Amino acid sequence: MTGDPIYTEMIIEYSKHPSNFGEIENPDISQHDSNPLCGDSIDLQIKINENKVSDIKFKGKGCSICIACTSVLTELVKGKDLDEVKKIEKNDVLGELGLEHLIRTSPVRIKCALLSLKALKYGIYSYFIEKMKDEKSAGNLKEEATNLY
Amino acid sequence: MQTALSLETIRKDFPILQRKVRENKLLVYLDNASTSQKPIQVIDAINDYYKNQNANIHRAVYALAEEATEAYENTRTKIAKFLNVQKREEIIFVRGTTEAINLVAYSWGRQNVNKGDIIVTTEYEHHSNIVPWQLLTKERGAKLEYIGVDDNGELILDQLDSYLETGKVKLVTFSQMSNVLGTITNTDEIIKRCKKVGVKTLIDGAQSVPHMKVDLSKLECDFFAFSAHKMLGPTGVGVLWVRKEVLETMQPFHGGGDMIREVHKYETTWNDLPYKFEAGTPNIADVIGFSAAIDYLNKIGMDNIRNHEIELTKYALDKMSKVKGITIYGPKDIAKRGGVISFNFHDVHPHDVATIIDKDGVAVRSGHHCAQVLMERLDVAATNRASFYVYNTKQEIDALIGSLNKVAELFKL
Ligand SMILES: Cc1ncc(COP(=O)(O)O)c(C=O)c1O
(Lines give C-alpha, C1' and ligand atoms only; values in the text may rest on other atoms or scores of the structure.)
Protein backbone atom coordinates (compact mmCIF):
# COMPACT_ATOMS: atom_id res chain seq x y z
CA MET A 1 0.00 0.00 0.00
CA THR A 2 1.26 3.45 -0.89
CA GLY A 3 0.60 6.81 0.75
CA ASP A 4 0.24 7.04 4.49
CA PRO A 5 0.40 3.49 5.76
CA ILE A 6 -1.76 2.41 8.69
CA TYR A 7 -1.46 -1.35 8.73
CA THR A 8 2.24 -1.70 9.33
CA GLU A 9 3.87 -4.84 10.65
CA MET A 10 4.14 -3.15 14.05
CA ILE A 11 0.40 -2.40 14.30
CA ILE A 12 -0.61 -5.89 13.26
CA GLU A 13 1.90 -7.36 15.74
CA TYR A 14 0.62 -5.22 18.63
CA SER A 15 -3.00 -5.99 17.80
CA LYS A 16 -2.29 -9.70 17.94
CA HIS A 17 -0.04 -9.50 20.99
CA PRO A 18 -0.91 -6.40 23.01
CA SER A 19 1.40 -5.15 25.77
CA ASN A 20 0.18 -4.89 29.34
CA PHE A 21 -3.09 -6.61 28.60
CA GLY A 22 -4.97 -7.74 31.68
CA GLU A 23 -6.11 -6.50 35.08
CA ILE A 24 -4.51 -5.20 38.28
CA GLU A 25 -5.65 -5.99 41.80
CA ASN A 26 -6.75 -2.93 43.77
CA PRO A 27 -5.84 -0.32 41.16
CA ASP A 28 -5.62 3.35 42.19
CA ILE A 29 -7.06 4.44 38.86
CA SER A 30 -9.74 2.57 36.97
CA GLN A 31 -11.05 4.28 33.89
CA HIS A 32 -13.49 3.05 31.25
CA ASP A 33 -14.10 4.75 27.91
CA SER A 34 -15.65 3.89 24.56
CA ASN A 35 -16.33 5.26 21.11
CA PRO A 36 -20.04 5.03 20.36
CA LEU A 37 -19.49 5.12 16.62
CA CYS A 38 -17.30 2.07 16.20
CA GLY A 39 -17.76 0.29 19.51
CA ASP A 40 -14.14 0.41 20.62
CA SER A 41 -14.17 0.04 24.37
CA ILE A 42 -11.31 -0.08 26.89
CA ASP A 43 -10.70 -0.30 30.63
CA LEU A 44 -7.42 1.17 31.92
CA GLN A 45 -6.12 0.26 35.36
CA ILE A 46 -3.18 1.96 37.04
CA LYS A 47 -1.31 1.42 40.27
CA ILE A 48 0.39 4.51 41.72
CA ASN A 49 3.37 4.35 44.06
CA GLU A 50 5.11 7.50 45.34
CA ASN A 51 3.61 9.58 42.55
CA LYS A 52 4.86 7.07 39.94
CA VAL A 53 2.98 4.67 37.68
CA SER A 54 4.18 1.43 39.20
CA ASP A 55 1.90 -0.70 37.04
CA ILE A 56 -0.62 -0.23 34.23
CA LYS A 57 -2.84 -2.72 32.44
CA PHE A 58 -5.77 -2.57 30.04
CA LYS A 59 -8.58 -4.71 28.79
CA GLY A 60 -10.91 -4.04 25.95
CA LYS A 61 -12.37 -4.72 22.56
CA GLY A 62 -11.27 -2.65 19.68
CA CYS A 63 -9.77 -2.40 16.25
CA SER A 64 -6.06 -2.91 15.69
CA ILE A 65 -5.36 0.84 15.78
CA CYS A 66 -7.02 1.15 19.17
CA ILE A 67 -5.26 -1.88 20.64
CA ALA A 68 -1.84 -0.95 19.22
CA CYS A 69 -2.05 2.65 20.44
CA THR A 70 -3.19 1.55 23.88
CA SER A 71 -0.29 -0.90 24.07
CA VAL A 72 2.18 1.82 23.16
CA LEU A 73 0.63 4.21 25.66
CA THR A 74 0.96 1.73 28.51
CA GLU A 75 4.61 1.16 27.60
CA LEU A 76 5.23 4.93 27.55
CA VAL A 77 3.61 5.46 30.91
CA LYS A 78 4.90 2.54 32.95
CA GLY A 79 7.46 3.57 35.60
CA LYS A 80 7.08 7.28 34.85
CA ASP A 81 6.43 10.06 37.29
CA LEU A 82 2.84 11.38 37.16
CA ASP A 83 4.10 14.87 36.32
CA GLU A 84 5.64 13.47 33.16
CA VAL A 85 2.63 11.31 32.37
CA LYS A 86 0.42 14.37 32.51
CA LYS A 87 2.42 15.92 29.69
CA ILE A 88 2.00 13.08 27.20
CA GLU A 89 0.52 14.35 23.95
CA LYS A 90 -1.17 12.93 20.86
CA ASN A 91 1.97 12.69 18.81
CA ASP A 92 3.92 10.91 21.57
CA VAL A 93 1.58 7.97 21.04
CA LEU A 94 0.97 8.31 17.30
CA GLY A 95 4.68 8.88 16.60
CA GLU A 96 5.66 5.52 18.06
CA LEU A 97 3.54 3.83 15.41
CA GLY A 98 4.02 6.26 12.52
CA LEU A 99 0.36 7.27 12.71
CA GLU A 100 0.72 11.07 12.98
CA HIS A 101 -0.93 11.31 9.57
CA LEU A 102 -4.25 10.07 10.97
CA ILE A 103 -4.88 13.54 12.39
CA ARG A 104 -4.95 14.77 8.83
CA THR A 105 -6.18 11.76 6.87
CA SER A 106 -8.82 10.12 9.00
CA PRO A 107 -11.10 12.03 11.34
CA VAL A 108 -12.86 8.73 12.03
CA ARG A 109 -9.92 6.50 12.85
CA ILE A 110 -8.08 9.13 14.94
CA LYS A 111 -10.73 8.45 17.58
CA CYS A 112 -9.66 4.80 17.72
CA ALA A 113 -6.03 5.83 18.12
CA LEU A 114 -6.56 8.33 20.91
CA LEU A 115 -9.26 6.64 22.97
CA SER A 116 -6.77 5.33 25.53
CA LEU A 117 -4.98 8.67 25.90
CA LYS A 118 -8.34 10.27 26.57
CA ALA A 119 -9.11 7.64 29.21
CA LEU A 120 -5.67 8.12 30.77
CA LYS A 121 -6.12 11.88 31.09
CA TYR A 122 -9.59 11.47 32.62
CA GLY A 123 -8.30 8.77 34.94
CA ILE A 124 -5.45 10.86 36.32
CA TYR A 125 -7.74 13.88 36.67
CA SER A 126 -10.20 11.85 38.76
CA TYR A 127 -7.34 10.41 40.80
CA PHE A 128 -6.10 13.87 41.80
CA ILE A 129 -9.56 15.30 42.41
CA GLU A 130 -11.23 12.38 44.16
CA LYS A 131 -8.43 10.48 45.87
CA MET A 132 -5.78 13.15 46.53
CA LYS A 133 -8.14 16.16 46.83
CA ASP A 134 -5.47 18.01 44.86
CA GLU A 135 -7.09 20.32 42.35
CA LYS A 136 -3.86 22.03 41.50
CA SER A 137 -2.17 18.86 40.27
CA ALA A 138 -5.28 17.86 38.33
CA GLY A 139 -4.82 21.05 36.31
CA ASN A 140 -6.33 21.11 32.81
CA LEU A 141 -6.40 17.37 32.31
CA LYS A 142 -10.16 17.21 32.03
CA GLU A 143 -10.28 19.88 29.32
CA GLU A 144 -7.38 18.22 27.55
CA ALA A 145 -9.25 14.91 27.56
CA THR A 146 -12.50 16.46 26.35
CA ASN A 147 -10.79 18.32 23.53
CA LEU A 148 -8.47 15.53 22.41
CA TYR A 149 -10.59 14.67 19.35
CA MET B 1 -29.33 -8.72 -17.08
CA GLN B 2 -32.36 -9.80 -19.16
CA THR B 3 -33.76 -6.35 -19.72
CA ALA B 4 -34.18 -3.59 -22.20
CA LEU B 5 -31.16 -1.93 -20.60
CA SER B 6 -27.69 -3.38 -20.47
CA LEU B 7 -25.65 -3.14 -17.31
CA GLU B 8 -23.29 -0.85 -19.16
CA THR B 9 -26.09 1.54 -20.08
CA ILE B 10 -27.40 1.50 -16.54
CA ARG B 11 -23.99 2.35 -15.09
CA LYS B 12 -23.69 5.34 -17.41
CA ASP B 13 -26.82 6.79 -15.81
CA PHE B 14 -25.12 7.00 -12.40
CA PRO B 15 -22.62 9.89 -12.47
CA ILE B 16 -21.13 8.95 -9.11
CA LEU B 17 -20.00 5.57 -10.41
CA GLN B 18 -17.53 7.36 -12.68
CA ARG B 19 -15.71 9.02 -9.82
CA LYS B 20 -12.35 8.11 -8.36
CA VAL B 21 -11.73 7.88 -4.64
CA ARG B 22 -8.65 7.64 -2.41
CA GLU B 23 -5.56 7.00 -4.54
CA ASN B 24 -7.24 7.34 -7.91
CA LYS B 25 -9.29 4.17 -7.49
CA LEU B 26 -12.60 3.73 -9.28
CA LEU B 27 -15.38 3.71 -6.70
CA VAL B 28 -16.79 0.24 -5.98
CA TYR B 29 -19.98 1.05 -4.11
CA LEU B 30 -21.23 -1.92 -2.09
CA ASP B 31 -23.22 -0.20 0.64
CA ASN B 32 -26.60 -0.21 -1.05
CA ALA B 33 -28.49 -1.54 1.96
CA SER B 34 -27.57 1.74 3.62
CA THR B 35 -28.51 4.00 0.73
CA SER B 36 -28.44 3.58 -3.03
CA GLN B 37 -26.86 5.87 -5.59
CA LYS B 38 -29.08 8.06 -7.79
CA PRO B 39 -29.42 7.99 -11.58
CA ILE B 40 -29.16 11.21 -13.53
CA GLN B 41 -32.92 11.02 -14.26
CA VAL B 42 -33.65 11.47 -10.54
CA ILE B 43 -31.10 14.25 -10.11
CA ASP B 44 -32.51 16.04 -13.18
CA ALA B 45 -36.10 15.72 -11.96
CA ILE B 46 -35.24 17.46 -8.69
CA ASN B 47 -33.25 20.10 -10.52
CA ASP B 48 -36.03 20.68 -12.98
CA TYR B 49 -38.60 21.10 -10.23
CA TYR B 50 -36.58 23.84 -8.54
CA LYS B 51 -35.73 25.49 -11.83
CA ASN B 52 -39.17 25.42 -13.40
CA GLN B 53 -42.00 24.45 -11.08
CA ASN B 54 -41.14 25.44 -7.53
CA ALA B 55 -44.30 26.39 -5.63
CA ASN B 56 -46.12 25.18 -2.57
CA ILE B 57 -48.74 22.54 -3.23
CA HIS B 58 -52.45 22.07 -2.45
CA ARG B 59 -53.06 25.79 -1.83
CA ALA B 60 -52.56 28.43 -4.46
CA VAL B 61 -54.46 28.59 -7.74
CA TYR B 62 -51.74 29.95 -10.04
CA ALA B 63 -50.12 27.85 -12.77
CA LEU B 64 -46.91 26.91 -10.96
CA ALA B 65 -48.75 25.70 -7.89
CA GLU B 66 -51.06 23.60 -10.02
CA GLU B 67 -48.12 22.02 -11.82
CA ALA B 68 -46.26 21.29 -8.59
CA THR B 69 -49.38 19.79 -7.00
CA GLU B 70 -49.99 17.63 -10.01
CA ALA B 71 -46.41 16.34 -10.09
CA TYR B 72 -46.56 15.57 -6.36
CA GLU B 73 -49.92 13.82 -6.55
CA ASN B 74 -48.95 11.90 -9.68
CA THR B 75 -46.16 10.35 -7.65
CA ARG B 76 -48.70 9.05 -5.17
CA THR B 77 -50.66 7.45 -7.98
CA LYS B 78 -47.46 5.99 -9.44
CA ILE B 79 -46.51 4.45 -6.10
CA ALA B 80 -49.98 2.99 -5.71
CA LYS B 81 -49.56 1.33 -9.09
CA PHE B 82 -46.03 0.19 -8.30
CA LEU B 83 -47.26 -1.65 -5.20
CA ASN B 84 -50.59 -2.69 -6.75
CA VAL B 85 -52.61 -0.60 -4.31
CA GLN B 86 -56.17 0.19 -5.42
CA LYS B 87 -56.82 3.15 -3.11
CA ARG B 88 -54.29 5.93 -3.57
CA GLU B 89 -55.44 7.62 -0.36
CA GLU B 90 -53.82 4.76 1.55
CA ILE B 91 -50.40 6.13 0.55
CA ILE B 92 -48.95 8.65 3.01
CA PHE B 93 -45.73 10.52 2.29
CA VAL B 94 -43.34 10.65 5.22
CA ARG B 95 -39.61 11.26 5.70
CA GLY B 96 -38.72 7.59 5.57
CA THR B 97 -39.26 4.19 7.13
CA THR B 98 -38.34 5.53 10.54
CA GLU B 99 -40.99 8.22 10.48
CA ALA B 100 -43.55 5.79 9.06
CA ILE B 101 -43.11 3.36 11.94
CA ASN B 102 -43.12 6.17 14.51
CA LEU B 103 -46.36 7.46 13.01
CA VAL B 104 -48.02 4.08 13.52
CA ALA B 105 -46.65 3.70 17.05
CA TYR B 106 -47.73 7.20 18.02
CA SER B 107 -51.13 7.32 16.40
CA TRP B 108 -52.49 3.77 16.13
CA GLY B 109 -50.39 2.52 19.03
CA ARG B 110 -51.57 5.04 21.59
CA GLN B 111 -55.19 4.47 20.63
CA ASN B 112 -55.03 0.69 20.72
CA VAL B 113 -52.28 -0.57 23.00
CA ASN B 114 -53.07 -0.78 26.69
CA LYS B 115 -51.68 -2.19 29.91
CA GLY B 116 -50.78 -5.86 29.61
CA ASP B 117 -50.94 -5.91 25.79
CA ILE B 118 -48.07 -7.34 23.76
CA ILE B 119 -46.28 -6.01 20.69
CA VAL B 120 -44.19 -8.63 18.90
CA THR B 121 -41.11 -7.70 16.89
CA THR B 122 -38.07 -9.78 15.86
CA GLU B 123 -34.42 -10.10 16.76
CA TYR B 124 -33.34 -8.99 13.29
CA GLU B 125 -35.06 -5.62 13.23
CA HIS B 126 -33.46 -2.29 12.47
CA HIS B 127 -33.51 0.04 15.52
CA SER B 128 -36.35 1.92 13.80
CA ASN B 129 -38.61 -1.10 14.29
CA ILE B 130 -37.58 -1.59 17.93
CA VAL B 131 -37.18 1.77 19.64
CA PRO B 132 -40.63 3.22 18.73
CA TRP B 133 -42.20 0.09 20.24
CA GLN B 134 -40.07 0.37 23.38
CA LEU B 135 -41.28 3.95 23.78
CA LEU B 136 -44.90 2.93 23.24
CA THR B 137 -44.93 -0.18 25.43
CA LYS B 138 -43.19 1.67 28.29
CA GLU B 139 -45.70 4.51 28.08
CA ARG B 140 -48.72 2.18 27.94
CA GLY B 141 -47.54 -0.46 30.43
CA ALA B 142 -47.49 -3.01 27.63
CA LYS B 143 -44.83 -5.61 26.79
CA LEU B 144 -42.42 -5.97 23.89
CA GLU B 145 -41.54 -9.52 22.82
CA TYR B 146 -39.11 -10.83 20.21
CA ILE B 147 -39.30 -13.64 17.67
CA GLY B 148 -35.82 -15.20 17.82
CA VAL B 149 -33.41 -15.89 14.96
CA ASP B 150 -32.05 -19.40 14.39
CA ASP B 151 -28.47 -20.31 13.44
CA ASN B 152 -29.38 -20.17 9.76
CA GLY B 153 -30.46 -16.54 10.18
CA GLU B 154 -34.19 -17.27 9.93
CA LEU B 155 -37.02 -16.39 12.29
CA ILE B 156 -38.20 -19.09 14.70
CA LEU B 157 -41.91 -18.94 13.93
CA ASP B 158 -42.91 -21.35 16.73
CA GLN B 159 -42.18 -18.47 19.08
CA LEU B 160 -44.76 -16.34 17.27
CA ASP B 161 -47.38 -19.00 17.99
CA SER B 162 -46.64 -19.00 21.68
CA TYR B 163 -47.05 -15.21 21.84
CA LEU B 164 -50.28 -15.34 19.82
CA GLU B 165 -51.68 -18.00 22.15
CA THR B 166 -51.66 -15.51 25.04
CA GLY B 167 -54.45 -13.59 23.30
CA LYS B 168 -52.77 -10.34 24.28
CA VAL B 169 -50.86 -9.53 21.08
CA LYS B 170 -51.99 -6.29 19.41
CA LEU B 171 -49.42 -6.06 16.62
CA VAL B 172 -46.70 -8.15 15.01
CA THR B 173 -44.09 -5.98 13.29
CA PHE B 174 -41.20 -7.27 11.19
CA SER B 175 -38.97 -6.49 8.25
CA GLN B 176 -39.57 -8.30 4.98
CA MET B 177 -35.81 -8.55 4.47
CA SER B 178 -33.12 -8.28 7.14
CA ASN B 179 -30.70 -5.42 6.52
CA VAL B 180 -27.86 -7.45 8.07
CA LEU B 181 -28.43 -11.11 7.21
CA GLY B 182 -30.29 -10.55 3.96
CA THR B 183 -32.89 -13.09 5.11
CA ILE B 184 -36.19 -12.84 3.26
CA THR B 185 -38.91 -13.22 5.89
CA ASN B 186 -41.63 -15.80 5.43
CA THR B 187 -44.09 -12.92 5.31
CA ASP B 188 -47.16 -14.81 4.08
CA GLU B 189 -46.88 -17.36 6.85
CA ILE B 190 -46.58 -14.74 9.61
CA ILE B 191 -49.53 -12.76 8.29
CA LYS B 192 -51.62 -15.92 7.92
CA ARG B 193 -51.03 -16.90 11.54
CA CYS B 194 -51.78 -13.36 12.76
CA LYS B 195 -54.95 -12.99 10.70
CA LYS B 196 -56.32 -16.23 12.05
CA VAL B 197 -56.46 -14.62 15.51
CA GLY B 198 -57.23 -11.08 14.35
CA VAL B 199 -53.81 -9.57 15.10
CA LYS B 200 -52.58 -6.63 13.02
CA THR B 201 -49.26 -6.72 11.14
CA LEU B 202 -46.73 -4.08 10.12
CA ILE B 203 -44.11 -4.79 7.48
CA ASP B 204 -40.87 -2.85 7.30
CA GLY B 205 -40.21 -2.94 3.58
CA ALA B 206 -37.09 -0.74 3.62
CA GLN B 207 -34.94 -3.58 2.27
CA SER B 208 -37.52 -5.50 0.25
CA VAL B 209 -39.26 -2.89 -1.92
CA PRO B 210 -36.01 -1.76 -3.58
CA HIS B 211 -34.99 -5.29 -4.51
CA MET B 212 -38.05 -7.42 -5.32
CA LYS B 213 -41.61 -7.17 -6.57
CA VAL B 214 -43.98 -6.32 -3.72
CA ASP B 215 -47.71 -6.65 -4.30
CA LEU B 216 -49.73 -5.10 -1.50
CA SER B 217 -53.00 -6.43 -2.90
CA LYS B 218 -51.73 -9.95 -2.13
CA LEU B 219 -49.97 -9.28 1.17
CA GLU B 220 -52.63 -9.03 3.80
CA CYS B 221 -50.75 -6.82 6.22
CA ASP B 222 -52.20 -3.64 7.76
CA PHE B 223 -49.21 -1.29 7.68
CA PHE B 224 -46.29 -1.15 5.25
CA ALA B 225 -43.28 1.22 5.40
CA PHE B 226 -40.32 1.98 3.13
CA SER B 227 -37.80 4.68 2.13
CA ALA B 228 -37.10 6.25 -1.27
CA HIS B 229 -33.37 6.66 -0.74
CA LYS B 230 -32.68 2.92 -0.80
CA MET B 231 -34.39 2.55 -4.19
CA LEU B 232 -32.58 5.12 -6.37
CA GLY B 233 -34.65 7.99 -4.94
CA PRO B 234 -33.66 10.98 -2.82
CA THR B 235 -33.23 11.06 0.95
CA GLY B 236 -36.01 12.52 3.10
CA VAL B 237 -38.92 10.76 1.41
CA GLY B 238 -40.66 7.57 2.37
CA VAL B 239 -44.06 5.97 2.33
CA LEU B 240 -46.43 4.63 4.91
CA TRP B 241 -49.24 2.54 3.50
CA VAL B 242 -52.13 1.76 5.82
CA ARG B 243 -55.17 -0.38 4.98
CA LYS B 244 -58.07 2.07 4.64
CA GLU B 245 -60.30 0.50 7.30
CA VAL B 246 -57.48 0.96 9.78
CA LEU B 247 -56.38 4.39 8.56
CA GLU B 248 -59.93 5.70 8.98
CA THR B 249 -59.81 4.93 12.69
CA MET B 250 -56.50 6.68 13.32
CA GLN B 251 -55.94 10.05 14.97
CA PRO B 252 -53.43 12.46 13.37
CA PHE B 253 -49.70 12.27 14.08
CA HIS B 254 -48.62 15.87 13.47
CA GLY B 255 -50.95 18.82 13.67
CA GLY B 256 -50.59 21.85 11.41
CA GLY B 257 -51.29 23.15 7.94
CA ASP B 258 -52.71 20.99 5.15
CA MET B 259 -54.02 18.30 7.49
CA ILE B 260 -57.09 20.29 8.52
CA ARG B 261 -60.52 20.99 7.12
CA GLU B 262 -61.59 23.78 9.49
CA VAL B 263 -59.72 25.27 12.42
CA HIS B 264 -61.54 27.18 15.16
CA LYS B 265 -60.18 28.49 18.42
CA TYR B 266 -60.67 25.25 20.32
CA GLU B 267 -61.73 22.68 17.76
CA THR B 268 -60.45 21.44 14.43
CA THR B 269 -61.85 19.06 11.85
CA TRP B 270 -59.52 16.93 9.80
CA ASN B 271 -58.79 16.92 6.13
CA ASP B 272 -59.54 13.83 4.00
CA LEU B 273 -57.16 10.90 3.74
CA PRO B 274 -54.26 10.87 3.19
CA TYR B 275 -53.81 14.62 3.84
CA LYS B 276 -54.89 14.23 7.45
CA PHE B 277 -51.50 12.57 7.97
CA GLU B 278 -49.39 14.99 5.91
CA ALA B 279 -49.12 18.12 8.05
CA GLY B 280 -47.04 21.04 6.86
CA THR B 281 -45.22 21.67 3.58
CA PRO B 282 -43.93 18.28 2.50
CA ASN B 283 -40.68 17.44 0.73
CA ILE B 284 -42.13 18.28 -2.68
CA ALA B 285 -38.93 18.25 -4.70
CA ASP B 286 -37.82 14.89 -3.44
CA VAL B 287 -41.24 13.29 -3.88
CA ILE B 288 -40.99 14.38 -7.51
CA GLY B 289 -37.47 12.92 -7.62
CA PHE B 290 -38.86 9.70 -6.21
CA SER B 291 -41.27 9.55 -9.11
CA ALA B 292 -38.32 9.45 -11.52
CA ALA B 293 -36.73 6.69 -9.45
CA ILE B 294 -39.85 4.54 -9.79
CA ASP B 295 -39.91 5.15 -13.53
CA TYR B 296 -36.32 3.97 -13.64
CA LEU B 297 -37.03 0.81 -11.63
CA ASN B 298 -40.08 0.06 -13.78
CA LYS B 299 -38.01 0.44 -16.93
CA ILE B 300 -35.60 -2.24 -15.71
CA GLY B 301 -38.30 -4.38 -14.09
CA MET B 302 -38.30 -5.55 -10.47
CA ASP B 303 -38.02 -9.21 -11.43
CA ASN B 304 -34.92 -8.44 -13.49
CA ILE B 305 -33.44 -6.59 -10.54
CA ARG B 306 -34.08 -9.54 -8.23
CA ASN B 307 -32.54 -11.95 -10.74
CA HIS B 308 -29.50 -9.76 -11.24
CA GLU B 309 -28.95 -9.64 -7.49
CA ILE B 310 -29.40 -13.39 -7.11
CA GLU B 311 -26.68 -13.88 -9.69
CA LEU B 312 -24.34 -11.42 -7.99
CA THR B 313 -25.02 -12.83 -4.54
CA LYS B 314 -24.40 -16.41 -5.66
CA TYR B 315 -21.15 -15.34 -7.28
CA ALA B 316 -20.06 -13.36 -4.23
CA LEU B 317 -20.98 -16.03 -1.67
CA ASP B 318 -19.05 -18.63 -3.63
CA LYS B 319 -15.89 -16.51 -3.87
CA MET B 320 -16.09 -15.01 -0.38
CA SER B 321 -16.39 -18.37 1.30
CA LYS B 322 -12.92 -19.18 -0.05
CA VAL B 323 -11.24 -16.17 1.59
CA LYS B 324 -9.10 -17.27 4.53
CA GLY B 325 -10.43 -16.70 8.05
CA ILE B 326 -13.85 -15.40 6.94
CA THR B 327 -17.24 -16.11 8.53
CA ILE B 328 -20.38 -15.37 6.50
CA TYR B 329 -23.73 -14.85 8.24
CA GLY B 330 -27.27 -15.55 7.05
CA PRO B 331 -29.12 -18.23 5.10
CA LYS B 332 -27.16 -20.52 2.78
CA ASP B 333 -30.14 -20.99 0.47
CA ILE B 334 -30.03 -18.26 -2.16
CA ALA B 335 -33.84 -18.31 -2.55
CA LYS B 336 -34.13 -17.20 1.06
CA ARG B 337 -31.82 -14.19 0.87
CA GLY B 338 -31.40 -10.85 -0.81
CA GLY B 339 -28.21 -9.18 -2.00
CA VAL B 340 -26.86 -8.45 1.46
CA ILE B 341 -23.84 -10.31 2.82
CA SER B 342 -22.55 -9.75 6.35
CA PHE B 343 -19.19 -11.22 7.24
CA ASN B 344 -16.36 -11.09 9.73
CA PHE B 345 -12.75 -12.14 9.82
CA HIS B 346 -11.60 -14.16 12.74
CA ASP B 347 -9.84 -11.74 15.10
CA VAL B 348 -9.86 -8.73 12.77
CA HIS B 349 -12.08 -5.82 13.76
CA PRO B 350 -14.61 -4.84 11.04
CA HIS B 351 -13.32 -1.26 11.05
CA ASP B 352 -9.85 -2.46 10.15
CA VAL B 353 -11.33 -4.48 7.29
CA ALA B 354 -13.33 -1.50 6.02
CA THR B 355 -10.33 0.85 6.22
CA ILE B 356 -8.03 -1.55 4.39
CA ILE B 357 -10.43 -2.20 1.53
CA ASP B 358 -11.41 1.48 1.33
CA LYS B 359 -7.83 2.10 0.16
CA ASP B 360 -8.80 0.16 -2.96
CA GLY B 361 -11.93 2.28 -3.40
CA VAL B 362 -14.24 -0.49 -2.16
CA ALA B 363 -17.02 0.90 0.05
CA VAL B 364 -18.61 -1.58 2.45
CA ARG B 365 -20.28 -0.88 5.73
CA SER B 366 -18.77 -1.81 9.07
CA GLY B 367 -20.52 -1.52 12.40
CA HIS B 368 -23.73 -2.69 14.02
CA HIS B 369 -25.97 -1.59 11.11
CA CYS B 370 -28.55 -0.17 13.56
CA ALA B 371 -29.26 -3.75 14.64
CA GLN B 372 -27.63 -4.12 18.03
CA VAL B 373 -30.20 -6.67 19.19
CA LEU B 374 -29.11 -8.91 16.31
CA MET B 375 -25.41 -8.25 17.03
CA GLU B 376 -26.03 -9.53 20.56
CA ARG B 377 -27.78 -12.60 19.16
CA LEU B 378 -24.82 -13.28 16.83
CA ASP B 379 -22.48 -12.56 19.74
CA VAL B 380 -20.41 -10.01 17.79
CA ALA B 381 -19.82 -6.30 18.36
CA ALA B 382 -20.04 -5.52 14.67
CA THR B 383 -19.83 -7.00 11.19
CA ASN B 384 -18.77 -5.95 7.72
CA ARG B 385 -21.53 -5.86 5.14
CA ALA B 386 -21.48 -5.82 1.35
CA SER B 387 -24.80 -5.15 -0.38
CA PHE B 388 -25.61 -5.02 -4.08
CA TYR B 389 -27.92 -3.21 -6.46
CA VAL B 390 -28.86 -2.88 -10.12
CA TYR B 391 -25.59 -1.27 -11.18
CA ASN B 392 -23.15 -3.64 -9.46
CA THR B 393 -21.06 -6.02 -11.55
CA LYS B 394 -19.12 -9.25 -11.11
CA GLN B 395 -15.94 -7.26 -11.72
CA GLU B 396 -16.78 -5.18 -8.66
CA ILE B 397 -17.20 -8.33 -6.61
CA ASP B 398 -13.81 -9.48 -7.89
CA ALA B 399 -12.38 -6.18 -6.62
CA LEU B 400 -13.97 -6.83 -3.23
CA ILE B 401 -12.53 -10.34 -3.10
CA GLY B 402 -9.07 -9.04 -4.06
CA SER B 403 -9.19 -6.54 -1.20
CA LEU B 404 -10.48 -9.13 1.26
CA ASN B 405 -7.60 -11.39 0.37
CA LYS B 406 -5.27 -8.50 1.21
CA VAL B 407 -6.82 -8.32 4.68
CA ALA B 408 -6.26 -12.04 5.21
CA GLU B 409 -2.67 -11.68 4.06
CA LEU B 410 -1.94 -8.60 6.16
CA PHE B 411 -3.29 -10.18 9.32
CA LYS B 412 -1.62 -13.51 8.47
CA LEU B 413 -4.90 -15.47 8.66
C1 LIG C 1 -34.72 -2.80 7.54
C2 LIG C 1 -34.63 -1.31 7.72
N3 LIG C 1 -35.60 -0.67 8.38
C4 LIG C 1 -35.58 0.66 8.56
C5 LIG C 1 -34.55 1.43 8.08
C6 LIG C 1 -34.57 2.91 8.36
O7 LIG C 1 -34.79 3.62 7.21
P8 LIG C 1 -34.66 5.21 7.19
O9 LIG C 1 -33.35 5.53 7.84
O10 LIG C 1 -34.69 5.55 5.74
O11 LIG C 1 -35.81 5.76 7.95
C12 LIG C 1 -33.52 0.81 7.39
C13 LIG C 1 -32.41 1.59 6.82
O14 LIG C 1 -31.41 1.91 7.35
C15 LIG C 1 -33.56 -0.60 7.21
O16 LIG C 1 -32.57 -1.23 6.59
Side-chain angles (χ1 to χ4, degrees), chain A residues 1-19 21 32-43 58-72 94 97-116 118 149, chain B residues 20-25 31 34 127 131 180 324-325 342-385 399 402-413:
Chain A
M1 249 175 277
T2 49
D4 299 310
I6 298 177
Y7 294 94
T8 58
E9 195 69 25
M10 196 157 51
I11 299 235
I12 307 270
E13 198 46 40
Y14 267 122
S15 76
K16 293 192 162 217
H17 309 287
S19 311
F21 197 82
H32 173 83
D33 212 336
S34 63
N35 281 328
L37 181 77
C38 60
D40 287 342
S41 142
I42 57 156
D43 284 283
F58 81 100
K59 281 192 92 160
K61 276 189 188 166
C63 63
S64 61
I65 297 176
C66 173
I67 301 296
C69 287
T70 310
S71 292
V72 163
L94 299 174
L97 293 163
L99 289 179
E100 298 97 321
H101 65 83
L102 281 184
I103 297 179
R104 178 167 50 76
T105 57
S106 182
V108 177
R109 303 311 298 277
I110 193 71
K111 297 185 172 80
C112 311
L114 297 177
L115 176 66
S116 51
K118 179 161 155 261
Y149 54 78
Chain B
K20 303 279 176 65
V21 290
R22 299 299 176 196
E23 288 147 24
N24 211 25
K25 298 282 175 12
D31 193 16
S34 189
H127 292 163
V131 183
V180 178
K324 269 193 196 151
S342 274
F343 60 96
N344 261 332
F345 279 97
H346 177 62
D347 265 0
V348 185
H349 195 283
H351 277 89
D352 290 327
V353 176
T355 300
I356 292 166
I357 73 180
D358 170 59
K359 282 246 173 197
D360 296 335
V362 180
V364 302
R365 188 56 197 283
S366 54
H368 54 57
H369 317 292
C370 295
Q372 282 186 318
V373 170
L374 180 62
M375 295 295 116
E376 243 171 63
R377 164 64 184 86
L378 298 174
D379 198 20
V380 296
T383 71
N384 288 107
R385 179 186 70 186
S403 301
L404 293 179
N405 281 325
K406 277 190 202 165
V407 175
E409 208 174 293
L410 211 52
F411 280 86
K412 306 185 180 74
L413 299 176

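Letters go in sequence order (proteins before strands), and every chain restarts at 1. Quantities reported herein were computed from a predicted structural model and do not represent experimental measurements.
- For A:His101, the NE2 atom counts as densely surrounded, since its 6.0 Å shell holds more than 12 non-hydrogen atoms of other residues, nucleotides or ligands.
- Here the NZ atom belonging to B:Lys406 is positioned 13.5 Å from the OH atom belonging to A:Tyr7, to the nearest 0.5 angstrom.
- Annotation for B:Lys25: atom NZ counts as buried by contact number, over 12 foreign heavy atoms lying within 6.0 Å.
- Annotation: maximal heavy-atom pairing with chain B below 4.5 Å, among A:Ser41, A:Ser106, A:Gly62, occurs at A:Gly62.
- Taking NZ of B:Lys412 as the reference point, atom CD of A:Glu9 lies at 3.5 Å (rounded to 0.5 Å).
- At a 4.5 Å heavy-atom cutoff, the contact between A:Ile6 and chain B is made by side-chain atoms alone.
- One finds the OG atom of A:Ser64 at 8.5 Å from the CG atom of B:Leu410 (value rounded to the nearest 0.5 Å).
- Of the listed residues (B:Thr355, B:Asp347, B:Val353, B:Val348), the one with the most heavy-atom contacts under 4.5 Å to chain A is B:Thr355.
- No side-chain donor-acceptor contact under 3.5 Å links A:Lys61 to the backbone of B:His349.
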